[in-house]
2 protein chains.
Amino acid sequence: MSKQGDEERVLAQLAEVVGCCEPLAREPLSAQQSIELSRVFKAMGDPVRLRLLSLIASHVGGEACVCDLTDVFDLAAPTISHHLKVLREAGLITGERRGTWVYYRVRPELLATVSAVLVPGTAEETLPVVEA
Amino acid sequence: MSKQGDEERVLAQLAEVVGCCEPLAREPLSAQQSIELSRVFKAMGDPVRLRLLSLIASHVGGEACVCDLTDVFDLAAPTISHHLKVLREAGLITGERRGTWVYYRVRPELLATVSAVLVPGTAEETLPVVEA
DNA sequence: TCCTTGGTTCGACACATGTCAAGGTAGATG
DNA sequence: CATCTACCTTGACATGTGTCGAACCAAGGA
């Protein structure tokens, strides 16, 4: 929330380093690229955070306040807050305070970037896969 | 290699629990789904492992032996071996011994599954319709 | 002003993880 | 068999990470 600038920087850096849609199997990642990308995957490499992400993404209006999220887990509030911070610093979600509550929403563009890195089929031909 | 059965089990379990291509934003992940999925992301949440993955995926013939991989990093052989094991146990790669060397290749179907979970409408045709 | 509710930060703890040296296994070649 | 190469496993260590209680901040009422 207060680190909106950091979120933007992270996202910009990822986009710059990874490129728009460079599939993983086309050419090996550089050390720098792998560091940037692994940040996102590491943020998603926790069951609680993955579930938080899907809870936010699938919530009505595309956003959810923290009070909508805490009840789902058997975890203390600081723990949820910590996980949300990790997701935020990875550029996967953004937080905004409106009155008493803080609302989070996902960054679909980052999910799309990551998805495109994984599979080559998104843009055009690449591998001799079973083609229609 | 010696745990080929485990690799199959992991992949089957992931396919069963996650489903074929259920996007993250459609409905919230269950606790079980998030646990299975987070295993894969956690395996990719390390720069060395991500780079290993891309090195294997982009290598000629779609496979690479360990000797092709160790020289790229400033890491001892046991460390590389450890990371390869993590990738293997996550179902992302398979290892096969042929003579003196051990060759690794990626499982594109798992990458496609993960990619499809992230973004709706991604790479559905590349999914191999995993059956039991 | 004080109190209540929603969220975060801090500090501390137990546990997980990345790393390497040493030792072990599998196969090829004498 | 002996030995060399390629690769893995073990054991140990330092660092990183998830968790929570306590304290703190922000906003909206009495």
Side-chain angles (χ1 to χ4, degrees), chain A residues 1-4 6-7 31 34-35 38-53 55-56 59 63-90 92-105, chain B residues 1-4 6-7 31 34-35 38-53 55-56 59 63-90 92-105:
Chain A
M1 290 171 314
S2 51
K3 304 275 184 56
Q4 203 77 22
D6 281 357
E7 298 170 5
S34 61
I35 290 174
S38 67
R39 272 199 246 276
V40 182
F41 286 120
K42 184 180 292 187
M44 291 194 286
D46 180 279
V48 175
R49 287 198 290 269
L50 252 192
R51 226 171 151 204
L52 282 172
L53 203 60
L55 282 168
I56 296 170
H59 203 265
E63 65 180 9
C65 84
V66 183
C67 55
D68 295 326
L69 305 170
T70 37
D71 300 341
V72 179
F73 305 90
D74 277 337
L75 293 172
T79 302
I80 301 295
S81 200
H82 161 69
H83 285 304
L84 288 172
K85 185 179 183 181
V86 172
L87 288 173
R88 211 167 8 113
E89 290 179 346
L92 284 164
I93 60 175
T94 62
E96 180 200 0
R97 169 160 227 138
R98 290 207 299 277
T100 309
W101 298 276
V102 176
Y103 293 88
Y104 284 97
R105 31 178 73 244
Chain B
M1 295 161 309
S2 51
K3 304 275 183 56
Q4 202 78 21
D6 281 356
E7 297 171 5
S34 61
I35 290 174
S38 67
R39 272 200 246 274
V40 181
F41 286 121
K42 184 181 292 189
M44 290 194 286
D46 181 279
V48 176
R49 287 198 290 267
L50 253 192
R51 224 170 153 205
L52 282 172
L53 203 59
L55 281 169
I56 296 171
H59 204 265
E63 64 181 10
C65 81
V66 183
C67 56
D68 295 325
L69 305 170
T70 36
D71 300 340
V72 179
F73 305 91
D74 277 337
L75 293 171
T79 303
I80 301 295
S81 200
H82 161 69
H83 285 304
L84 288 171
K85 185 179 184 182
V86 172
L87 288 173
R88 206 163 18 100
E89 290 179 343
L92 284 163
I93 61 174
T94 62
E96 180 200 1
R97 170 160 226 138
R98 288 206 299 275
T100 309
W101 298 274
V102 176
Y103 293 89
Y104 285 96
R105 31 178 73 243

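Letters A, B, ... mirror the listed sequences (proteins, then strands); counts begin at 1. As a basis for the values below, the full set of heavy atoms in this structure was taken, side chains included, without hydrogen atoms, waters or symmetry mates.
Contact check for B:L84 versus B:L69: side-chain heavy atoms found under the 4.5 Å cut-off. Between A:L87 and A:H83, every side-chain heavy-atom pair lies at or beyond the 4.5 Å cut-off.
In this structure, A:L84 atom CG and C:dG6 atom P are separated by 16 Å, rounded to whole Å. The CZ atom of B:R98 sits 16 Å away from the P atom of D:dA6 (whole-angstrom rounding). The interatomic distance linking A:W101 (CH2) with C:dT8 (C1') rounds to 17 Å, in whole Å. Atom-to-atom, CG of A:L52 to C1' of D:dG18 comes out at 13 Å; the value is rounded to the nearest Å. Following rounding to the nearest Å, B:L87 (CG) and C:dT17 (P) show an atom-to-atom distance of 14 Å.
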Using a cut-off of 4.0 Å between protein heavy atoms and nucleotide atoms, how would you tag nucleotides 19-30 of chain D 5' to 3' with B, S and -?
BBBB----SS--
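Here B:R51 pairs with nothing under the side chain to side chain donor-acceptor pair (under 3.5 Å) rule; sequence neighbours left out. Considering only residues two or more places apart in sequence or on other chains, A:H59 meets the side chain to side chain donor-acceptor pair (under 3.5 Å) condition with none of them.
Using a 4.0 Å cut-off, no side-chain N or O of B:Y103 falls inside it from OP1 or OP2 of D:dC7. Note on A:Y104: a side-chain N or O is less than 4.0 Å away from OP1 or OP2 of C:dT8. Using a 4.0 Å cut-off, some side-chain N or O of B:K42 falls inside it from OP1 or OP2 of C:dT17.
A:R49 comes within 4.0 angstrom of the backbone, heavy atoms only, and of no base.
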Let's go through A:H82 and A:V86 carefully: what are the C-alpha distance in whole Å and the side-chain angles of both, what is the deciding distance for side-chain contact (heavy atoms from CB on, under 4.5 Å) to 0.1 Å, and is it a yes or a no?
CA-CA 6 Å; A:H82 161 69; A:V86 172; 3.7 Å; yes
